[in-house]
Protein chains: 2
Amino acid sequence: MSTRESIIHLADQLIRDQGYNAFSFYDIAKTLGIKNASIHYYFPGKTQLGIAVIKEQSRRFNVLKQAVADKRPAEQLRAFAHTYAATRQEERICIVGSLASDLHTLDTETGQSLALFAEEVIEWLETVLEQGKKLGDFTFAVPTRTKALLIITNLLGGLQLTRLTQPQDFYTIAETIIQELSPVQIKENNT
Amino acid sequence: MSTRESIIHLADQLIRDQGYNAFSFYDIAKTLGIKNASIHYYFPGKTQLGIAVIKEQSRRFNVLKQAVADKRPAEQLRAFAHTYAATRQEERICIVGSLASDLHTLDTETGQSLALFAEEVIEWLETVLEQGKKLGDFTFAVPTRTKALLIITNLLGGLQLTRLTQPQDFYTIAETIIQELSPVQIKENNT
DNA sequence: GTCTATATTCCGATAGAC
DNA sequence: GTCTATCGGAATATAGAC
């Protein structure tokens with residue numbers, strides 16, 4: 001991994017761990033064993049680094065998208081949810097949730113880049129849900145976009161809320177999302 | 001409103017607008033027409049101010065709780081969701097989402113105070129859902145705590161995600177949460 | 001209670017040598 | 001590409017006068 005890639009990777013981890021306004025160039029520099037000023041060689045300012053992080057997340061999302069494109073909708077959704085579960089295990093949150101929380105402190109470009117990425121994710125999830133419904137794999141009684149919003153907010157919010165409760169709460173949320181889409185629901189006693 | 005109360009109120013607004021690590025004592029001081037140092041008279045440090053904000057949110061939550069205690073579960077839930085809708089209109093997010101995003105930069109006490117508040121909200125929502133089910137006002141097929149987690153993450157995450165899309169998306173989310181609990185669902189065509 | 005003044009630390013950023 | 005050195009600014013916090 002190049003220095004540039006390492007910087008982006010670390011910035012991403014720091015943003016999703018501590019928040020955009022809490023991490024510093026020095027945090028990255030000390031980990032990489034370089035100096036503060038070297039980061040400015042790759043990124044003129046914090047804004048450009050932030051945007052690079054968003055673009056990298058978008059790139060990785062598209063890699064996932066392609067990797068599961070031929071699979072069943074249920075499996076696509078499970079792969080998607082799994083990336084959040086992995087994030088939960090790291091005690092981090094997702095990039096959209098982290099930067100949306102700090103939105104009013106970000107440059108316009110950063111906010112636009114983030115909004116673009118969020119819409120990418122929503123629209124992909126919409127197509128997965130739509131396909132699942134057509135195939136009879138999914139059942140849901142609200143508009144597709146609404147269902148997509150509900151699922152994403154469950155995952156995004158779940159990463160944050162369950163930092164305050166227990167990790168298990170997140171896995172319960174993720175499993176429930178998938179179970180509730182199943183057309184064959186075994187209705188059990190629930191206490 | 002006393003100076004102390006004004007400070008807490010402004011800190012709350014700033015935390016939910018810009019984030020804990022982005023607001024400064026000066027932001028509050030200039031609005032109140034006082035000096036930086038005066039805030040330290042009321043709160044020794046930022047940590048104590050942050051905790052006071054959480055406690056005030058908890059107090060106001062309990063006021064709401066008492067105000068709707070005699071009403072039907074559906075109306076209690078609607079009043080709860082309405083506070084989030086009002087927050088959405090201000091372009092802010094909820095205190096739990098904001099501080100949970102910054103959790104790893106907060107003092108232990110602040111984190112504990114926040115976790116306590118989050119659990120208060122979850123448990124109250126559980127009792128409302130449970131009552132609604134007993135009365136036949138609500139239908140849901142997952143454990144009560146799970147349903148509470150799903151609803152709260154929809155609202156918490158909705159405030160953040162819809163900063164990037166449109167305000168209407170949030171209202172759709174909030175309305176859908178309530179509609180989906182209704183035992184008499186008119187299943188319409190959904191595209 | 002509120003002020004002035006200041007201490008201290010940290011951060012993003014830049015100039016210029018190597 | 002990476003460094004040293006430094007600038008300018010901002011933030012939390014404290015001491016002490018009024």
Side-chain angles (χ1 to χ4, degrees), chain A residues 1-54 56 98-99 101-111 113-114, chain B residues 1-54 56 98-99 101-111 113-114:
Chain A
M1 193 159 44
S2 69
T3 303
R4 185 192 155 88
E5 287 168 330
S6 296
I7 293 169
I8 294 174
H9 176 72
L10 279 170
D12 173 73
Q13 298 218 123
L14 286 163
I15 290 172
R16 295 184 298 104
D17 185 53
Q18 308 183 6
Y20 182 82
N21 292 308
F23 92 93
S24 74
F25 280 33
Y26 177 69
D27 293 328
I28 295 172
K30 73 178 172 197
T31 302
L32 292 183
I34 59 177
K35 297 297 171 182
N36 201 332
S38 296
I39 300 174
H40 285 280
Y41 170 77
Y42 297 97
F43 305 97
K46 202 175 184 180
T47 295
Q48 289 75 21
L49 176 53
I51 291 173
V53 167
I54 296 168
E56 171 64 14
S98 178
L99 292 181
S101 293
D102 293 333
L103 188 70
H104 293 173
T105 72
L106 304 177
D107 285 10
T108 314
E109 313 154 80
T110 313
S113 183
L114 183 65
Chain B
M1 194 157 45
S2 69
T3 303
R4 185 192 155 88
E5 286 169 330
S6 295
I7 292 170
I8 294 174
H9 176 70
L10 279 170
D12 173 71
Q13 298 218 122
L14 286 163
I15 290 172
R16 294 183 301 103
D17 185 53
Q18 310 184 4
Y20 182 82
N21 292 308
F23 93 93
S24 73
F25 280 32
Y26 177 69
D27 292 329
I28 294 172
K30 73 178 171 196
T31 302
L32 291 184
I34 60 177
K35 296 298 170 183
N36 200 334
S38 297
I39 300 173
H40 285 280
Y41 169 77
Y42 297 97
F43 304 98
K46 203 176 183 179
T47 294
Q48 289 75 21
L49 176 52
I51 292 173
V53 167
I54 297 169
E56 171 64 14
S98 178
L99 292 181
S101 293
D102 294 332
L103 187 70
H104 294 173
T105 72
L106 305 177
D107 285 10
T108 314
E109 313 155 80
T110 313
S113 184
L114 183 65

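Numbers restart at 1 for each chain; the letters A, B, ... are given by sequence-line order, proteins then strands. All values derive from a computational prediction rather than experimental measurement. The figures that follow rest on heavy atoms only: side chains count, while hydrogens, waters and symmetry mates do not.
- Between A/Tyr20 and A/Phe23, the angle of the ring planes goes over 60°, which puts this pair in the perpendicular group of the 30/60° scheme.
- Using a 4.5 Å cut-off on side-chain heavy atoms (C-beta onward), A/Leu49 and A/Ile28 make contact.
- Here the P atom of nucleotide D/dA15 and the CG atom of B/Asn36 are 15 Å apart, to the nearest Å.
- To the nearest 0.5 Å, atom CG of residue B/Asp102 and atom OG of residue A/Ser101 are 7.5 Å apart.
- Closest approach to the B/Lys35 side chain among C/dC3, D/dA13, D/dT2 is made by C/dC3 (side chain taken as heavy atoms from C-beta onward).
- Atom C1' of nucleotide D/dC7 and atom NE2 of A/His40 are separated by 13 Å, given to the nearest angstrom.
- Considering only side-chain atoms of A/Lys46, the nucleotide from C/dG12, D/dA13, D/dC3 that sits closest is C/dG12.
- Put simply, CZ on A/Phe23 is 17 Å from P on C/dC10, counting in whole angstrom units.
- A donor-acceptor pair is defined here as one N or O able to donate and one able to accept, closer than 3.5 Å; no such pair exists between the side chain of B/Gln18 and the backbone of B/Ile15.
- The distance between atom CD1 of B/Ile28 and atom C1' of D/dA13, rounded to the nearest whole Å, is 15 Å.
- Counting only heavy atoms from C-beta on, B/Ala37 has its side chain closest to D/dA15 among D/dT2, D/dA15, D/dT12.
- Across the protein-nucleic acid pair, A/Lys30 atom NZ and D/dC3 atom C1' stand 20 Å apart, rounded to whole Å.
- Using a 4.0 Å heavy-atom distance criterion, B/Tyr41 is classed as a base contact.
- For the atom pair A/Thr110 OG1 and A/Ile51 CD1, the distance stands at 4.0 Å (nearest 0.5 Å).
- Nearest to the side chain of A/Phe25, among D/dA13, C/dT2, C/dG12, sits C/dG12.
- The separation between A/Asp107 atom CG and C/dG12 atom P is 13 Å, rounded to whole Å.
- Sequence order on DNA chain C of the closest nucleotides to A/Pro44 and A/Tyr26 puts A/Tyr26 first from the 5' end.
- Contact between the side-chain N/O atoms of B/Thr47 and the OP1/OP2 oxygens of D/dT12 is not found at any separation under 4.0 Å.
- Going from atom CZ of A/Phe43 over to atom P of C/dT14 covers 15 Å, rounded to whole Å.
- For C/dC11, one of the phosphate oxygens OP1 or OP2 lies less than 4.0 angstrom from a side-chain nitrogen or oxygen of A/Ser24.
- When each of D/dT4, D/dT14, D/dG1 is scored by its nearest atom to the side-chain atoms of A/Tyr42, the top-ranked nucleotide is D/dG1.
- Nucleotide D/dA11 holds its P atom 11 Å from the CG atom of A/Asn21, rounded to whole Å.
- Taking side-chain N and O atoms only, A/Ser38 has a distance below 4.0 Å to OP1 or OP2 of D/dC3.
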